[in-house]
Structure formats: C-alpha cells, structure tokens
Engineer: 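Handing you this structure, nothing more for now.
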Amino acid sequence: MNRRAKIISLFVIVAFAILLLRLFQIQVLDDSYKRAAQNNVLRKEVQHPPRGEVYDRNGELLVRSIASYDLMAIPRDVGEFDTLALARIAGVTPEKLKSELDKAARYSRRRPSVIVKQMSLEAKLLFDEGEFSGFYTVYRTMRSYPRKMAGNLLGYISEVDAATIARDDYYQTGDYRGMSGIERTYEEVLRGEKGMKVSIVDVHGIEKGPYMDGAADLQAIPGTAITTSLDARLQALGEELMEGKVGSIIAIEPATGEILVMVSSPGYDPDELVGRDRGNNYMKLLANPRRPLFNRGVMSRYPPGSTFKLVNGLIALQEGVVTPSRKYPCHGGYTIGKGVKCHNHYSPVNLRQAVQMSCNAYFCYVFRDILDNRKYESVKDGYDVWKEYVESFGFGRKLGSDFLDERDGYVPDRGWYDRQYRGSWNSLTVISLAIGQDALGCTPLQLANLAAIVANRGYYYIPHIVKKVEGRDSLDRRFYERHYTKVDPKHFEPIVEGMWRGVNVGGTSTAARLEGLDVCGKTGTAENP
C-alpha cells in the first residue's frame with residue numbers, strides 16, 4: 001500500500017471513530033434528542049391545585065375555589081379551524097382570538113401559550129366536542145365568595161409578575177398568588193402543591209390519552225383550608241353599620257387576641273376582583289378617591305383622641321404623680337397657656353369621674369405631672385419615660401399581627417419636637433398629647449388592642465385573624481405569648497370603673513349601654529388632619 005492510500009485509510013478510520021463517538025454521546029450520554037423526540041408525542045401539563053378554602057370561626061364558608069380552564073395553543077400545531085366557533089366557545093371576539101394567537105406565535109411557535117383565560121366548565125366541555133388541532137385546555141381554579149364580605153380582610157389573588165417568578169421557582173408565567181389580606185399572608189399554606197399530567201398527542205397536537213395509563217402523572221395536592229377568627233354574622237352587621245361611612249370597626253377577643261370583626265369602609269365585593277373583568281374592576285377601585293382597596297383597620301393612621309386619656313391616666317398612676325381620689329378643677333377646660341377647651345360638666349373631678357365625663361382639663365394636669373416629675377432631670381427626660389410607657393401599650397410600632405401590610409402608627413420622639421421647636425419646648429408646648437392629639441397617630445387595630453389591654457388589666461395577645469390551619473396543632477408561637485405593659489394590674493381598676501360609669505351612670509358613653517350587660521366604654525373624638 002502506497003503512502004497516499006495509507007493516509008486515506010487513516011482518515012477514514014479517524015472519521016469513523018469520530019462518528020462512533022458522536023453516536024455514543026447522542027444515544028448514551030446526551031438525552032436531549034430523546035427528550036425532543038418524546039416532546040413530539042408527549043405533552044407535559046402542569047396540574048394546578050385548588051387553593052385552600054377559608055372559613056369563619058363557626059365553620060361558615062367565606063372563600064372557595066371553583067373550576068376554570070385556560071385555553072392553550074402551540075402555534076406550530078394549529079391547523080385550520082372554525083374561528084367563529086372557537087371564539088364563541090371561549091367567550092371572546094374573533095379579533096381577540098386572532099390577536100392572542102399572533103402574540104403567541106411571536107413568543108414561540110413551539111411552546112404553549114395561554115390564549116384565553118378562565119373559561120367555564122361548560123365552555124371546556126363544548127371545546128372537547130370540537131376538533132381544534134394545536135389547542136388544548138388546562139385546569140385551573142378561581143376564587144368565589146359566598147358571603148361577598150370582608151374584601152380587604154380576605155384579600156385577592158392576581159397573576160404573578162416576572163420578579164415573583166425569578167424569586168420563587170414555584171411560580172410560572174400565568175400563575176396566580178395572593179396579593180393582599182389573608183390570601184397574601186398565608187399564600188404558602190393556601191396555594192397547595194402542583195402536579196404533572198403526561199399525555200400522548202398526535203402530530204396535530206390532539207390528545208390521544210394518558211401516557212403509560214397515567215403511571216407517569218403526579219397528582220396535585222390541594223391547598224390547606226384555613227379557619228379564621230372572624231364571626232361572619234358580626235362582620236355583616238359591622239359592614240351594614242358602616243355603609244356610606246369612611247372608617248373602621250375592629251373587635252378583639254381579649255382572652256386570645258383573635259379578631260372577631262374587621263370592617264374597613266368603604267369596602268368592595270371581593271367577586272369584583274375575580275374573572276376576566278378583574279383588571280377593569282381593579283382600575284376602577286384604584287381610581288376611587290375613597291380608596292376601597294385600602295384596609296383602614298391596619299393601614300390608616302388616626303389621632304386616638306380622648307380614648308388615649310386612659311393611657312395617660314394609667315401612666316400617672318404607675319408613676320405615682322396622681323391617686324384615684326385626687327381631684328382637679330375644670331372651668332370649661334384647661335386654662336394655662338393657650339388652654340384646652342372642655343365641655344360642660346361638674347367640677348372638680350377625680351380619676352374615675354374624669355374618665356366618665358372625658359374631662360380634658362383633668363388629663364392636661366395629669367400629663368404635665370408626668371413630664372414635669374422632679375425625679376427626672378428635665379422635661380425631655382420625663383418625655384422619654386412617657387414614650388416608653390406609651391409604646392408598651394402597642395403604640396408607635398407594629399403589633400406583629402398576621403397582616404403583612406400592618407403599619408406602625410406614630411409616637412414622636414424628643415428629636416421630632418426639637419426639630420419643630422428648635423430645641424426649646426416643655427410640657428405645655430406638647431399639651432395636646434394629653435388628649436390624644438398633636439402628632440400622635442394610631443391604627444384602629446392598635447386602638448382596639450388598647451381596649452383588650454384594659455379588659456386584661458395590663459397585657460395583650462398579638463391580634464390575629466387566623467384561628468386554625470388545617471392539619472396543624474397550633475399557630476405561630478408569638479400568638480400565644482402575653483405582652484405586658486409597664487403598668488401594674490392594680491392601677492387598671494379605677495380606669496375600668498370610670499369606663500363603666502361613663503356608659504351606665506351618666507357620662508359621654510351612655511349610647512353604648514345595653515340592658516343586662518356590664519358594658520364599659522370610652523368615647524374619643526379628634527381632629528384628623
């Protein structure tokens with residue numbers, strides 16, 4: 001064999017060896033071609049679990065999931081079809097159907113895209129009767145609200161954005177997640193676990209049956225049910241009472257911290273944020289100047305007004321600057337400095353009577369006694385001590401409830417007043433704090449929690465809306481811990497007696513009187529800047 005023949009023979013051997021190695025790589029080491037071949041005959045569909053139901057404390061259903069279907073298409077597999085018929089079934093216009101198909105083709109001709117969202121079961125059955133190559137449906141669920149109440153409390157779900165998908169690999173394009181309220185806070189509990197369905201399809205994308213008789217399928221696990229502490233009957237009453245008004249009603253069970261009622265008014269029908277009109281309805285609610293999407297119960301900051309006198313009275317007792325029997329005069333108000341006006345009532349008054357009659361002058365004297373206490377080097381030091389007491393009642397900070405959008409209210413520090421008055425201020429400068437005004441701000445939840453503190457004589461449990469999660473023995477441990485104020489329990493008795501007198505003997509709270517019940521109350525009116 002000559003030299004040229006040897007070179008040709010060697011070249012053939014090397015080329016054949018390379019071919020064998022490549023075949024070995026393709027058939028043994030690299031399964032991408034195998035997967036590509038499978039994708040021509042197999043379709044893998046994510047199975048979306050129904051979200052967990054939500055109940056009130058008595059087992060009444062508040063939120064449920066109902067079946068819906070997304071119409072999907074793989075543009076490459078779409079053949080000739082009756083556009084009018086499919087549009088009619090899907091509940092969209094032919095123009096909308098064509099537009100979505102064009103958009104899907106621009107995205108990818110080989111990958112599935114959502115063409116129509118949230119078709120009904122009836123529409124899905126009609127679709128199954130037709131022959132629409134390249135189209136198929138995916139089971140989903142959407143929320144339904146039997147009682148049509150507590151929209152801000154329960155929250156709503158919406159399609160995830162790119163940032164959410166990048167942050168959490170549970171979600172894919174077109175998925176939904178909780179955006180507010182309970183739906184948001186307990187998203188990981190409610191959403192369940194996805195499954196997978198593997199089907200055999202022909203070259204036109206028409207499903208022919210399950211792969212391996214369903215042995216390769218993975219069942220979706222439904223979301224976990226939640227029982228709230230809400231009482232649906234009381235919630236309905238609260239929403240009826242607040243109709244046409246702006247504000248909030250909150251009721252807490254002091255022995256547990258469970259929220260029985262949380263009304264934010266104006267509210268909205270939660271069904272408005274479900275279905276294909278959800279986007280339009282959301283924009284209308286967003287544009288409403290009365291802000292129905294805003295949960296005032298945990299997000300608004302209001303001056304507490306005269307209800308805050310209870311806190312100042314308790315601090316004064318603990319600090320020893322006043323006794324329950326000590327009296328202060330009221331001549332139409334507090335007359336020192338610019339003065340603070342008061343309504344007409346008998347004078348002088350002790351602590352119980354001051355709470356009963358909501359006397360402004362009494363609590364102005366008491367507040368100045370706290371800040372001007374000689375055991376502190378300066379009024380500003382006295383103010384720091386007062387602020388610590390106030391914060392122990394849950395003001396000026398988040399309570400830690402199971403509302404992710406809870407806000408903290410505001411209790412100004414000495415630095416705030418230094419900036420306002422260039423460092424020159426005293427107890428008379430900030431006298432409006434005595435009656436819950438000035439820069440003080442609190443959420444309705446914090447104010448309701450104050451009532452629970454008084455009922456418990458000095459402690460509270462963190463307010464929360466979920467009572468039980470199915471399959472769990474308990475909630476987060478923080479909801480079972482007592483949080484104590486800096487005031488001894490013994491000092492609460494004269495305050496409670498004054499609140500009882502205000503309702504039952506004759507004071508500013510008599511409208512709350514109920515025959516046969518020992519109701520205690522404290523009125524509060526305030527200018528709300």
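Position 1 is the first residue of the sequence; numbering continues from there.
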Engineer: With a 4.0 Å cut-off, would you call Lys387 and Asp413 a salt bridge?
Structural biologist: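 Salt bridge flag = no for Asp413 with Lys387.
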Engineer: Kindly indicate whether the side chain of Ser401, heavy atoms from C-beta on, has any atom under 4.5 Å from the side chain of Ile465.
Structural biologist: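 Counting from C-beta outward, Ser401 and Ile465 never come under 4.5 Å.
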Engineer: Under a 4.5 Å cut-off applied to non-hydrogen side-chain atoms, are Gln446 and Leu399 in contact?
Structural biologist: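 Heavy-atom side-chain distance check passes, below 4.5 Å.
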Engineer: Does Arg477 have more than 12 heavy atoms from other residues, nucleotides or ligands lying within 6.0 Å of its CZ?
Structural biologist: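 Open: at most 12 neighbouring heavy atoms sit under 6.0 Å from CZ of Arg477.
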Engineer: Quick one: do Arg352 and Glu497 make a salt bridge, cutoff under 4.0 Å?
Structural biologist: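 Looking at Arg352 and Glu497, the cut-off is met.
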Engineer: Which heavy atom in Ser158 sits nearest to a heavy atom in Arg278, and how many Å separate them?
Structural biologist: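 That closest heavy-atom pairing would be OG-NH2, 2.6 Å.
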Engineer: Around atom CG of Asn58, are there more than 12 heavy atoms from other residues, nucleotides or ligands closer than 6.0 Å?
Structural biologist: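 Count over threshold, so yes.
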Engineer: CD of Glu253 to CD of Glu258: how many Å apart, nearest 0.5 Å?
Structural biologist: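 Separation between the atoms: 7.0 Å.
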Engineer: Please say which of Met72, Met119, Lys124, Lys197 ends up in a side chain to side chain contact (heavy atoms under 4.5 Å, CB included) with Val138.
Structural biologist: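 When side chain to side chain contact (heavy atoms under 4.5 Å, CB included) is applied between Val138 and each of Met72, Met119, Lys124, Lys197, only Met72 qualifies.
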Engineer: Does Tyr460 have Arg482 sitting over its ring (NZ/CZ under 6.0 Å from centre, angle to axis within 45°)?
Structural biologist: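 Not satisfied by the 6.0 Å and 45° rule.
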Engineer: Can you find a heavy atom in the side chain of Val114 that is under 4.5 Å from one in the side chain of Leu71?
Structural biologist: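 No. Closest side-chain heavy atoms not under 4.5 Å.
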Engineer: With a 4.0 Å cut-off on N to O distance, would you call Arg140 and Asp175 a salt bridge?
Structural biologist: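 So Arg140 pairs with Asp175 through a salt bridge.
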Engineer: Between Arg51 and Glu53, is the closest basic N to carboxylate O distance under 4.0 Å?
Structural biologist: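 A salt bridge is absent here (no side-chain N lies under 4.0 Å from a carboxylate O).
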Engineer: Going by an N to O cut-off under 4.0 Å, is there a salt bridge joining Arg177 and Glu159?
Structural biologist: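 Salt bridge flag = no for Glu159 with Arg177.
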Engineer: If you draw a 6.0 Å radius around CD in Glu493, do more than 12 non-hydrogen atoms from other residues or ligands fall strictly inside?
Structural biologist: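 Enclosed: over 12 neighbouring heavy atoms sit under 6.0 Å from CD of Glu493.
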Engineer: Of Glu239, Arg233, Gln235, which is the lone residue that meets side chain to side chain contact (heavy atoms under 4.5 Å, CB included) with Val261?
Structural biologist: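 In the set Glu239, Arg233, Gln235, the residue that makes a side chain to side chain contact (heavy atoms under 4.5 Å, CB included) with Val261 is Gln235.
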